[in-house]
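By convention in this document, chain letters (A, B, ...) are assigned in the order of the sequence lines, proteins followed by strands, and residues within each chain are numbered from 1.
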Amino acid sequence: MIRTHRATELNNVALGEAVTVAGWVQRQRDHGGVAFFDLRDSSGVIQVVADPDEFPVITELKMEYCVRVNGVIRERPEGTVNADRDTGSIEIGATEIEILSPADVLPFLIEDRVDVDEKVRLQHRYLDLRRPRMAANLKARSMATSAIRRTLDELGFLEVETPTLINSTPEGARDMLVPSRLRQGEFYALPQSPQLFKQLLMIGGVERYYQIARCYRDEDFRSDRQLEFTQLDLEGSFWGRDEVLDTIEGVLKAVVRAVRGIEITEAFPRITWQEAMDRFGSDKPDTRFGTEIVDLSELVAQSEFGVFQKAISAGGTVRGINVGAQEWSRSRADNLTDRAKTLGAGGLVWMVVEPEGTLRSPVAKFLSEPEAEGIKEAMAAKPGDVLLISADQWKTAVTVLGALRLELGRPVDHEELAFLWVVDFPLFEEEDGKITFSHHPFTSPVSIDQMRDEPEKALSMAYDAVLNGVELGSGSVRIHDPETQSQVFDILGIDRETAQRRFGWFLQALRYGTPPHAGFAFGVDRVVMILQNEQSIREVIPFPKTQTGVDPMTGAPTWVDDQQLSDLGIAITPEAEQRREDT
RNA sequence: GGGGACGUAGAACAGUCUGGAGUGUUCGCUGGCCUGUCAAGCCGGAGGUCGCGGGUUCAAAUCCCGUCGUUCCCGCCA
């Protein structure tokens, strides 16, 4: 046995007892006649004391040496207790110190308070993982997944694995492709989600399925997006929306209990997509703070201000938010206007409420007294407040204000958890004049008649879970009737032949007594990220990739041998070949 | 595909705007001292392709152009 106890377990050991511990040297302090070092293992830290004359090895220890210590547990002398540490009232008087494995000089210190460039951390991720913050994140992740499994196992769910080498479908996100050697020129795709397979499991009579599934989307990175990520994927037969929401809500509450140690007793609020957009300008609203969007259209319907007039007569709207007291300057106004433009707005109107109550704004001179008063009243404006107004098509106006709301009014309370269901999503959305599905094409419409007659207004049985303004995941009641499924493809402009070619196998499966079913998937990485107060998903992924898809430690992705390429029947382009030679 | 920020010693930075010797700070590393520290302390020392390439200049970390890398955002992410 290499060790008898972990560091923090020593609190429960009788004084005078002989123990053996093993771990890493956190810090070493040599005082000449007496020397200390802090030994860290996965449980915590314990101080080891020795007389360097007796144990000269203690002066050889460097940070992150892996060591084993035999010693005796003893109370620290009066006045030397360290109240900041779990084991601060005891220490180990060493009787033997063995270096199990020395360490090179470190690229960075293994301490939370040290701020290190992320690339350097990723190049030595194994060292980064020794830091308490990262160790805690890994632990939180493990507790989250075990809470998920515990909860769903108790509910009688079956954990089923679906394949990760599947067929590519051009819809949605770009697929990660894997070339086939046995069938040269053909490709597998890595799943963006187990969507169709879990529906097949429902057809297969599983009734209650879940999987903690790795999913892949070959799209550009964000702080909350990686090429590969982990989802809790879940589906239930003979289920409607409420069964799904109740189950997922129970799972999320169990995760919060496991990771944060708190109990959420009240039900997650539900808000329709329309209301979310109107009030918060987002389909994933952060409801930890107000600053809601106000409709000013009627107030300024007769305004002399051309931009307002134009927006309204073009079927648009005029909306505003009161972002409260802000440092305000010309350059700030310009910055926000630019920001609004990058979000698709034509511009941005700003107003500052002067101490005497008048509005200071480039457009103030166009506003009548009743209009100015009406705006102030509608937006509950106080002296010093900054009002931002967008006049545009509805979706643009609310989206722009929603984004500015987040940038100017973000809360700082990291403890609060604002869960939310967003329901009644539109079934389709228009993109460059073309109708496309807003969730995925297997989502059930609320009404088949409406879908057929007024597709642009049709609602879907899709729903999202949102936490603190982050979309955790989404789900829907699925289409279980092959005829409805075909109609959806029709509306999407996918002709019968194409639908048959891409999804024929699935449409056929629907024809054998498919139970009504519904499901959900949420991102485990994102949930853990928020519960751990991390700003980036990379902090809760042990070995993430950088924004260009590179692993700085292994260098992946890398060039492969010509032989490997020819085995696959693949040639790389001259441009890529040039890059290959350059590197 | 587009926009912004950043890149200086092993790490984190200052210096860059307004060009003048690789100048400096903290941590780490290293030699020494030190019997109660715990981010120990004190004295000494080493350590630099200022990301890379080009240009302007008597002179470039500093100005200009390009490029690579990292990051945030827009597009994209059913």
Side-chain angles (χ1 to χ4, degrees), chain A residues 26-40 45-54 59 62-64 76-85 87-88 91 93 104-124 127 169-175 192-193 195-196 215-227 229 335 338-345 399-400 403 406-407 425 427-429 431-432 435-443 460 462 471 474 476 488 492 521 523 535-536 538 545-548 550 552 579 582-583:
Chain A
Q26 180 72 34
R27 285 277 182 172
Q28 194 269 1
R29 296 177 291 278
D30 179 3
H31 287 246
V34 62
F36 308 88
F37 72 92
D38 298 323
L39 182 142
R40 183 194 72 244
V45 174
I46 182 74
Q47 174 167 276
V48 179
V49 195
D51 180 343
D53 293 333
E54 244 178 294
T59 64
K62 314 286 182 207
M63 287 193 287
E64 298 306 312
R76 292 194 183 191
E78 212 181 323
T80 65
V81 167
N82 183 347
D84 296 332
R85 193 176 281 174
T87 58
E91 62 190 10
D104 283 353
V105 174
L106 301 169
F108 52 87
L109 295 186
I110 312 301
E111 290 177 358
D112 281 343
R113 64 195 169 76
V114 177
D115 188 22
V116 187
D117 185 80
E118 197 175 344
K119 192 184 172 194
V120 177
R121 292 172 56 199
L122 291 180
Q123 275 167 348
H124 304 275
L127 292 178
T169 53
E171 289 80 15
R174 199 177 286 117
D175 279 328
Q192 297 178 28
S193 91
Q195 181 60 34
L196 292 181
C215 302
Y216 304 83
R217 290 177 194 173
D218 191 4
E219 295 292 346
D220 286 356
F221 286 65
R222 286 287 188 281
S223 59
D224 61 354
R225 276 164 31 190
Q226 286 268 310
L227 293 183
F229 56 98
N335 282 343
D338 287 347
R339 176 81 183 125
K341 285 179 180 169
T342 69
L343 294 163
T399 305
V400 164
L406 289 179
E407 286 171 31
F425 274 76
L427 186 59
F428 302 115
E429 57 193 38
E431 207 171 86
D432 303 328
I435 280 191
T436 172
F437 38 86
S438 54
H439 182 52
H440 60 53
F442 313 103
T443 303
S460 76
E471 181 193 327
S474 51
S476 61
V488 169
L492 292 170
Q535 298 303 305
S536 162
R538 297 185 296 274
K545 291 178 179 55
T546 66
Q547 203 165 48
T548 51
V550 170
R579 267 193 61 232
D582 292 344
T583 51

Inset, instruction - Using a 4.0 Å heavy-atom cut-off across all strands, classify D115(A) as base, sugar-phosphate, or nothing. - result: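 Result for D115(A) = sugar-phosphate.
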Nearest-Å distance, [atom1] ([X]) to [atom2] ([N])?
X	N	atom1	atom2	answer
E429(A)	G75(B)	CD	P	12 Å
D117(A)	C6(B)	CG	C1'	9 Å
Q535(A)	U71(B)	CD	P	15 Å
Q547(A)	A5(B)	CD	P	15 Å
F36(A)	C38(B)	CZ	C1'	8 Å
Q26(A)	C27(B)	CD	C1'	14 Å
D30(A)	G32(B)	CG	C1'	11 Å
R113(A)	A11(B)	CZ	C1'	12 Å

Residue-phosphate contact under 4.0 Å: [X] side-chain N/O, [N] OP1/OP2:
X	N	answer
T342(A)	G3(B)	no
R27(A)	G28(B)	yes
R76(A)	C38(B)	no
R40(A)	C38(B)	no

Between [X] and [Y] (salt bridge meaning N to carboxylate O under 4.0 Å), is one present in this structure?
X	Y	answer
R40(A)	E111(A)	no
R225(A)	D220(A)	no
R339(A)	E407(A)	yes
D175(A)	R217(A)	no

hbond_proxy [X] side chain to [N] base (donor-acceptor, 3.5 Å cutoff):
X	N	answer
R222(A)	G75(B)	yes
D338(A)	G3(B)	no
R29(A)	C34(B)	no

What does [N] pair with, Watson-Crick or G-U, if both distances are under 3.5 Å?
N	value
G10(B)	C27(B)
C38(B)	none
A46(B)	none
A5(B)	U70(B)
G20(B)	C58(B)

Rounded [atom1] spacing from [N] to [M] in Å:
N	M	atom1	answer
A60(B)	C77(B)	C1'	44 Å
A46(B)	C27(B)	C1'	16 Å
C64(B)	U16(B)	P	14 Å
U56(B)	G4(B)	P	26 Å
U30(B)	U67(B)	P	43 Å
G1(B)	A59(B)	P	39 Å
G15(B)	G54(B)	C1'	25 Å
U8(B)	G51(B)	P	6 Å

Inset, instruction - For the residue pair L492(A) and F428(A), establish whether any side-chain heavy-atom pair is separated by less than 4.5 Å. - result: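 Result yes, sub-4.5 Å side-chain heavy-atom pair found.
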Inset, instruction - State, with a plain yes or no, whether a side-chain heavy atom of Q226(A) is found less than 4.5 Å away from one of R538(A). - result: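 Contact flag for Q226(A)/R538(A) side chains = yes.
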Inset, instruction - Could you pick out which residue, T548(A) or F442(A), lies toward the 5' side of RNA chain B when each is mapped onto its nearest nucleotide? - result: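 Nearest-nucleotide comparison on RNA chain B picks T548(A).
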Inset, instruction - For T546(A) and for H440(A), locate the closest nucleotide of RNA chain B by heavy-atom distance; then report the residue assigned to the nucleotide nearer the 5' terminus. - result: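 This one resolves to T546(A).
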Legend entry - Ring centroids of H31(A) and G36(B) base under 5.5 Å with planes under 30°: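 Not stacked by the 5.5 Å and 30° rule.
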